[in-house]
Q: 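Structure below; questions to follow.
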Amino acid sequence: MSRFARRMTHIQPFHVMALLARARELEAGGRSIIHMEIGEPDFVTPSPVVEAGIRALREGRTHYTPAVGLTALRHRLSGFYRERYGIDVGADRIIITPGASAALQLVLSVLVDPGDRVLMADPGYPCNRNFVHLLNGIPVGLPVDADTNYQPDAATVRAAWTGPVAALLVASPSNPTGTLLTEADIRALFAVTQSQGGRLVVDEIYHGLTYDEPAATALAVSADIFVINSFSKYFGMTGWRLGWLVAPGEYVGELDKLAQNLFLAAPTLAQYAALSAFDPENIAILEARRREFRARRDYLLPALRGLGFGIAGTPEGAFYLYADCSRFTDDSYRFSTQLLEETGVAITPGIDFGTHLPERHVRFAYTTSLENLQEGVHRLKAYL
Ligand SMILES: Cc1ncc(COP(=O)(O)O)c(C=O)c1O
């Protein structure tokens with residue numbers, strides 16, 4: 001008889017995967033599907049990075065790197081913080097990881113003891129609660145809504161800080177809501193974590209993908225905050241599996257030790273390729289893509305509202321719109337399934353992001369062309 005560790009009962013699959021599988025099945029049968037469920041850029045990695053990757057392979061860059069990453073890449077990232085944000089982040093505090101996913105696991109592993117609580121926004125990125133479960137910790141969802149721009153505020157965090165709390169984990173811009181924390185918000189959250197003796201972890205993976213103001217980095221607030229980032233989203237490198245973590249100096253040794261054991265190192269090929277990610281030629285391509293994402297958001301937001309979806313404010317970043325669909329349904333999962341079957345439009349039901357009113361919400365990702373979005377809206381209009 002198979003035996004599984006008890007913690008596996010807590011680990012949830014992505015519900016959207018079942019929808020995606022069905023969408024692929026329909027496509028294989030000849031149906032046209034508009035994909036608005038996918039959480040990665042539709043653009044392929046820009047050619048300067050691809051070429052750098054090919055060069056690295058030809059040069060025989062196929063061995064392990066140090067566990068904390070290539071020294072040259074850590075320095076490039078340090079330079080990136082100086083150029084883009086005007087702040088000094090020492091290369092020795094930057095750890096290169098196999099995606100933000102590995103960075104989140106490293107941070108939580110050095111902070112969370114069994115039974116510790118980790119506070120996070122609900123709705124929020126689904127993997128976070130599973131990472132905490134793997135450590136036999138307790139993820140605590142803080143219900144957030146339009147009143148606080150779908151981000152936890154200091155008062156909510158303070159009220160929820162009961163029992164052993166290891167950390168508060170927030171994301172700006174957020175997945176699934178696309179909303180930001182201002183520098184003042186981050187400062188206020190940091191003050192609470194400081195006063196309670198816990199840590200603040202800020203996931204900045206969607207930095208670079210903001211359409212009004214640039215996102216504030218938590219690193220400008222304090223060197224005592226853990227910051228997660230990645231080459232996946234802005235840099236368009238999801239499949240290369242490369243991210244990074246900026247940690248308070250005194251944690252680097254322990255994080256290095258853990259990275260050696262868990263991953264040995266991030267992919268070598270990806271690290272060499274990423275050395276070219278900051279070249280002006282590459283940044284110009286990424287900025288053109290950012291403008292394209294903004295045009296998509298600026299089309300989709302009013303179009304969905306016009307159909308009767310509720311979206312508060314203007315989501316400032318990432319590539320998601322989190323929409324209230326209660327005008328049409330009290331079961332967003334069934335609604336998403338019906339939309340797929342009836343119209344060929346694929347979206348993500350709220351249930352993937354937490355337990356705070358998921359049945360009333362769906363996430364639209366604008367990770368497909370403007371023409372596809374227009375066709376999707378056209379189909380929704382006819383159906384609804
Ligand atoms: C908020 C957030 N954090 C982390 C990740 C993990 O990204 P990766 O491991 O590709 O860097 C994602 C991916 O969708 C995300 O949305």
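Every heavy atom of this structure was used, including side-chain atoms; hydrogens, water molecules and symmetry mates were not. Each ligand, and each atom within it, is numbered from 1 in the order the structure gives.
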Q: Would you call Pro173 and Glu316 a side-chain contact if the rule is heavy atoms closer than 4.5 Å?
A: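 A side-chain contact is absent here, since even the closest heavy-atom pair is not under 4.5 Å.
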
Q: Here's a test for you: under salt bridge (Lys or Arg N to Asp or Glu O under 4.0 Å), which of Asp330, Asp324, Asp331 qualifies with Arg360?
A: Asp324

Q: Do Glu254 and Lys257 sit within salt-bridge range, that is, some charged N less than 4.0 Å from a carboxylate O?
A: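 The answer is yes: the pair qualifies as a salt bridge.
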
Q: May I ask you to decide whether Glu37 forms a salt bridge with Arg24, counting only side-chain N to carboxylate O separations under 4.0 Å?
A: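 No, Glu37 and Arg24 are not salt-bridged.
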
Q: Enumerate the pairs of nitrogen or oxygen atoms, one from ligand 1 and one from the protein, separated by less than 3.5 angstrom; state names and distance to 0.1 Å.
A:
from: ligand 1; atom 1: 3 (N); to: Asp203; atom 2: OD2; distance (Å): 2.6
from: ligand 1; atom 1: 9 (O); to: Ala100; atom 2: N; distance (Å): 3.3
from: ligand 1; atom 1: 9 (O); to: Ser101; atom 2: N; distance (Å): 3.0
from: ligand 1; atom 1: 9 (O); to: Ser101; atom 2: OG; distance (Å): 2.5
from: ligand 1; atom 1: 9 (O); to: Arg241; atom 2: NH2; distance (Å): 2.8
from: ligand 1; atom 1: 10 (O); to: Ser232; atom 2: OG; distance (Å): 2.7
from: ligand 1; atom 1: 10 (O); to: Arg241; atom 2: NH1; distance (Å): 2.9
from: ligand 1; atom 1: 11 (O); to: Ala100; atom 2: N; distance (Å): 2.7
from: ligand 1; atom 1: 11 (O); to: Ser230; atom 2: OG; distance (Å): 2.7
from: ligand 1; atom 1: 11 (O); to: Ser232; atom 2: OG; distance (Å): 3.2
from: ligand 1; atom 1: 14 (O); to: Lys233; atom 2: NZ; distance (Å): 2.7
from: ligand 1; atom 1: 16 (O); to: Asn175; atom 2: ND2; distance (Å): 2.9
from: ligand 1; atom 1: 16 (O); to: Tyr206; atom 2: OH; distance (Å): 2.8

Q: Check this for me, if you would: do Glu183 and Arg187 make a salt bridge, where the nitrogen-to-carboxylate-oxygen distance has to be below 4.0 angstrom?
A: yes

Q: Any chance you could measure Trp161, atom CH2, to Arg117, atom CZ, to the nearest 0.5 Å?
A: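 The CH2 atom of Trp161 sits 10.5 Å away from the CZ atom of Arg117.
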
